[in-house]
Amino acid sequence: MFDTSSSRPQPEIRAARDWIKVLSQYRTPNAGRSWFELAVTAVPFVVLWALAWWALSVSYGLAVVLSLVNAAFLLRLFTIQHDCGHGAFFENRTLNDWLGRILGVLTLTPYDVWKRSHSIHHSGAGNLARRGIGDIHTATVAEYREMSPMSQMMYRLYRNPIVLFGFGPGYLFFLQNRLPLGFTHQAKYWVSAMCTNVAIVSALAVIWYFGGWAPILLIFVPSTLLAATAGMWLFYVQHQFETAHWDTDEDWQLHDAALHGSSHYILPPVLQWLSANIGIHHVHHLYSRIPFYRLPEVLRDHNVLAQANRMTIRESLNSARLHLWDENSRRLLSFAQARALTD
């Protein structure tokens, strides 16, 4: 048994789509709470930037350390931008979008381009026929076997943790995000990317004018790279785990894929706060209009969801070795496990 409120029991809901009506009760954001969450994230971000800049006159090492601490608040700003993209942070759509665009300058992410690609990700997550935009490319065992040796080598290189979490974040945020890749045929997304680029270059020019290259190289770059790496890891473990859910187009169902194909990442309270509850990803994918600060309410009220798809940090580390989806066992496998299927 579980509750739709803290006091009234209701029979257990089993079908994923049946959760939608229940979760809709949590969708309304609280304006005061939203502004508070923005303030307690943005103010420390600015303060730590200022402290790191001051520290440049004392110790470059101290400045780098402060910038790395600030990466946590930059990551949290990205998750607020993420909520804006879903129309979940404020009730006013225009306010969501303009806050998202401003934050996109700090996170090096053209908001309207990201919003579109992320929407595609939500509408097709777990659908084998709709891979390629807003996700981490995942091949099936059968597809991998049909690849040429060169293609297999390139896929193995792409899925290597050193590439995904070492080179990947820097490439994605510093380079790939500068162009509206995938949407180059629409002027709207060129405007989003180019206006974001102009704002970023302008901000960096001001920083360089007053502080030279030191604050850029020792504050901006380290904090951005660490935040990007942490964000990449979080995005990876949200959908890349052994029992993740994938289906062919004819068998795919949106709500089943959302509930069963997204993890519930169990993090220490501090990390959960800094990641703005993004680890409660199965609930988020079921109903993306729920503000991040209301996701714990859902788990508190519905123990079935609190116990679903749980993944600890230790368990998540094992997911980095899983690379191929096996349609027969319906498991994500390592290359070695996939090879053993034919031995």
Side-chain angles (χ1 to χ4, degrees), residues 1-30 33-34 37 79-80 82-91 93 96 115 118-130 134-135 234-235 237-267 272 275-312 315-316 330-332:
M1 301 289 288
F2 56 86
D3 300 341
T4 54
S5 69
S6 59
S7 60
R8 187 173 62 228
Q10 179 177 330
E12 180 176 331
I13 295 175
R14 296 185 180 274
R17 64 178 177 273
D18 292 339
W19 281 106
I20 301 306
K21 183 176 180 180
V22 175
L23 296 180
S24 67
Q25 302 172 50
Y26 300 86
R27 65 173 286 175
T28 304
N30 179 292
R33 177 67 183 275
S34 294
E37 294 292 348
T79 58
I80 291 175
H82 167 266
D83 260 27
C84 290
H86 285 292
F89 199 63
F90 294 112
E91 287 193 84
R93 178 178 176 180
N96 276 311
K115 180 181 176 180
H118 194 64
S119 174
I120 292 173
H121 161 68
H122 267 261
S123 65
N127 189 327
L128 291 170
R130 298 177 63 183
D135 61 3
L234 288 171
F235 186 75
V237 298
Q238 286 160 6
H239 301 286
Q240 301 282 319
F241 53 97
E242 184 180 359
T243 57
H245 188 93
W246 294 83
D247 270 314
T248 57
D249 193 42
E250 57 269 22
D251 296 325
W252 180 80
Q253 205 284 328
L254 176 65
H255 302 112
D256 286 339
L259 177 58
H260 304 298
S262 307
S263 66
H264 175 196
Y265 201 23
I266 307 301
L267 295 171
Q272 182 166 319
S275 61
N277 303 319
I278 199 66
I280 309 176
H281 212 64
H282 59 319
V283 177
H284 167 68
H285 258 258
L286 263 178
Y287 208 99
S288 61
R289 291 293 299 274
I290 299 175
F292 74 81
Y293 50 79
R294 300 203 63 183
L295 291 173
E297 293 180 42
V298 177
L299 301 188
R300 181 199 65 199
D301 295 345
H302 306 288
N303 189 58
V304 171
L305 292 177
Q307 299 305 317
N309 297 0
R310 292 170 65 91
M311 177 192 293
T312 65
E315 290 168 339
S316 73
R330 297 189 62 78
R331 291 287 190 274
L332 201 62

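These numbers come from the heavy atoms of this one structure, side chains and all, not from hydrogens, waters or symmetry mates.
Under the side-chain contact (heavy atoms from CB on, under 4.5 Å) criterion, Gln307 pairs with Asn303, Arg310, not counting sequence neighbours. In this view, Glu297 and Arg294 satisfy the side-chain hydrogen bond (donor to acceptor under 3.5 Å, both in side chains) rule, not counting sequence neighbours. Residues meeting the side-chain hydrogen bond (donor to acceptor under 3.5 Å, both in side chains) test with Glu242, sequence neighbours left out: none. With sequence neighbours left out, the side-chain contact (heavy atoms from CB on, under 4.5 Å) criterion links Leu254 to Trp252. Applying the side-chain contact (heavy atoms from CB on, under 4.5 Å) rule to Asp256 yields the partners Ala16, His245, Gln253, His260; only residues at least two apart in sequence or on another chain are considered. Residues that satisfy the ring-ring contact (aromatic ring centres under 6.0 Å, His included) test with His122, not counting sequence neighbours, are His86, His118, His284, His285. Take Arg33 and apply the salt bridge (Lys or Arg N to Asp or Glu O under 4.0 Å) test, not counting sequence neighbours, and it matches Glu37. Partners of Ser316 according to the side-chain hydrogen bond (donor to acceptor under 3.5 Å, both in side chains) rule, which considers only residues two or more places apart in sequence or in another chain, are Tyr265. Residues passing the salt bridge (Lys or Arg N to Asp or Glu O under 4.0 Å) test with Asp247 are Arg330, sequence neighbours excluded. Applying the ring-ring contact (aromatic ring centres under 6.0 Å, His included) rule to His264 yields the partners His282; only residues at least two apart in sequence or on another chain are considered. In this view, Tyr287 satisfies the ring-ring contact (aromatic ring centres under 6.0 Å, His included) rule with no residue, not counting sequence neighbours.
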Item to check | Full working for ring pair (Phe, Tyr, Trp, His ring centres under 6.0 Å) between His82 and Phe235 | outcome: CA-CA 12 Å; His82 167 266; Phe235 186 75; 9.4 Å; no
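Panel note: side chain Ser262, backbone Ala258; a donor-acceptor pair is recorded below 3.5 Å. Side-chain atoms of Asn96 come within 3.5 Å of backbone N or O of Phe90 as a donor-acceptor pair. In this structure, Asn277 contributes its side chain and Phe292 its backbone to a donor-acceptor pair below 3.5 Å.
Note that CG of Asp135 and NE2 of His239 are 9.0 Å apart. Values are rounded to the nearest 0.5 Å. Between the OH atom in Tyr293 and the OH atom in Tyr26 there is a gap of 15.0 Å [rounded to 0.5 Å]. To the nearest 0.5 Å, atom OG1 of residue Thr243 and atom CG of residue Leu332 are 9.5 Å apart.
Of all heavy-atom pairs spanning Ile290 and Asp83, the tightest one is O-OD2, 4.3 Å.
Sorted by first and then second residue, the salt bridge (Lys or Arg N to Asp or Glu O under 4.0 Å) pairs with a member in residues 279-291 form an empty list; sequence neighbours excluded.
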